[in-house]
Amino acid sequence: MGIVEEAHNVKVLGPGDRPTIVLAHGFGTDQSVWKHLVPHLVDDHRVVLFDNMGAGTTNPEYFDFERYATLEGYAYDVLALLEELRVESCVFVGHSVSAVIGAIASVNRPDLFSKIIMISASPR
């Protein structure tokens, strides 16, 4: 397990040879918000769950006030996670603020995203 996986309580479920879906939770929640959706996805997809820094069971030792003062810091975490897991392309499902985080990440590395699904996207 790499440092990004450890810092963000990453869980990877489903067959590794399937298309990857990344599920990113919204403000005030953690990855457990996806618990009813995941069972419907894992047979046909590799599902990546993680907690945004400061949510769920993330390690507070990794929190950096300067880095997380903007959404770009969270977007860089998403990119680092995809790189650490060697994801070549994914469907990114972002709820609330994570929809915007996914959009920012995709602007920086469009090659890593085949689709972005935004659920109740926050305007900022």
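Considering only heavy atoms from C-beta on, Asp30 stays 4.5 Å or farther from Thr57 through its side chain. Inter-residue side-chain proximity for Phe92 and Val78 is flagged as met; some heavy-atom pair is nearer than 4.5 Å. Inter-residue side-chain proximity for Ile119 and Val93 is flagged as met; some heavy-atom pair is nearer than 4.5 Å. For the pair Glu84/Ile3, a side-chain contact is recorded, criterion being any heavy-atom separation below 4.5 Å from C-beta on. For the pair Cys90/Leu82, a side-chain contact is recorded, criterion being any heavy-atom separation below 4.5 Å from C-beta on. Counting heavy atoms from C-beta on, the side chains of Asp43 and Arg18 never come closer than 4.5 Å. Glu83 is not listed as a side-chain neighbour of Val4, based on a closest heavy-atom distance of 4.5 Å or more.
Counting heavy-atom neighbours within 6.0 Å of Phe63 CZ, excluding the residue itself, gives a total above 12.
Between Thr20 and Ser89, the closest heavy-atom pair is CB-O, 4.0 Å. Nearest heavy-atom pair across Ala55 and Thr29 is CB-O, 3.5 Å. Here the closest heavy-atom approach between residue Thr70 and residue Tyr74 is recorded as O-CD1, 3.7 Å. Residues Ala24 and Trp34 share a closest heavy-atom pair of O-CZ2, 3.3 Å. For the pair Ala99 and Met118, the tightest heavy-atom approach, listed with the atom from each and the gap, is O-CE, 3.5 Å. Closest approach of Ser96 and Gly26 over heavy atoms only: CB-CA, 3.7 Å.
Tested against Arg46 for a side chain to side chain contact (heavy atoms under 4.5 Å, CB included), the candidates Leu13, Leu41, Val22, Val12 yield a single pass: Val12.
Side chains of Tyr68 and Asn52: no donor on one and acceptor on the other come within 3.5 Å.
With hydrogens and angles ignored, the 3.5 Å screen pairs a side-chain donor or acceptor of His8 with a backbone N or O of Asp51. In this structure a side-chain-to-backbone donor-acceptor pair under 3.5 Å is missing from Gln31 to Lys11.
Transitive grouping of hydrophobic side chains (ILVMFWY, heavy atoms separated by less than 4.5 Å) brings Tyr62 and Phe65 into a common cluster. Taking hydrophobic clusters as Ile, Leu, Val, Met, Phe, Trp and Tyr residues chained together by side-chain heavy-atom distances below 4.5 Å, Val38 does not share a cluster with Leu81. Taking hydrophobic clusters as Ile, Leu, Val, Met, Phe, Trp and Tyr residues chained together by side-chain heavy-atom distances below 4.5 Å, Leu79 shares a cluster with Val10. Transitive grouping of hydrophobic side chains (ILVMFWY, heavy atoms separated by less than 4.5 Å) keeps Val100 and Val91 in distinct clusters. Under the 4.5 Å side-chain heavy-atom criterion for grouping Ile, Leu, Val, Met, Phe, Trp and Tyr, Ile117 is connected to Leu23 within one hydrophobic cluster.
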Test side-chain contact (heavy atoms from CB on, under 4.5 Å) on Asp77 and Arg67 and set out the steps.
CA-CA 10 Å; Asp77 286 352; Arg67 179 182 179 99; 2.6 Å; yes

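Using the six-membered ring where Trp is involved, Phe50 and His25 have ring planes that are tilted, between 30° and 60° apart.
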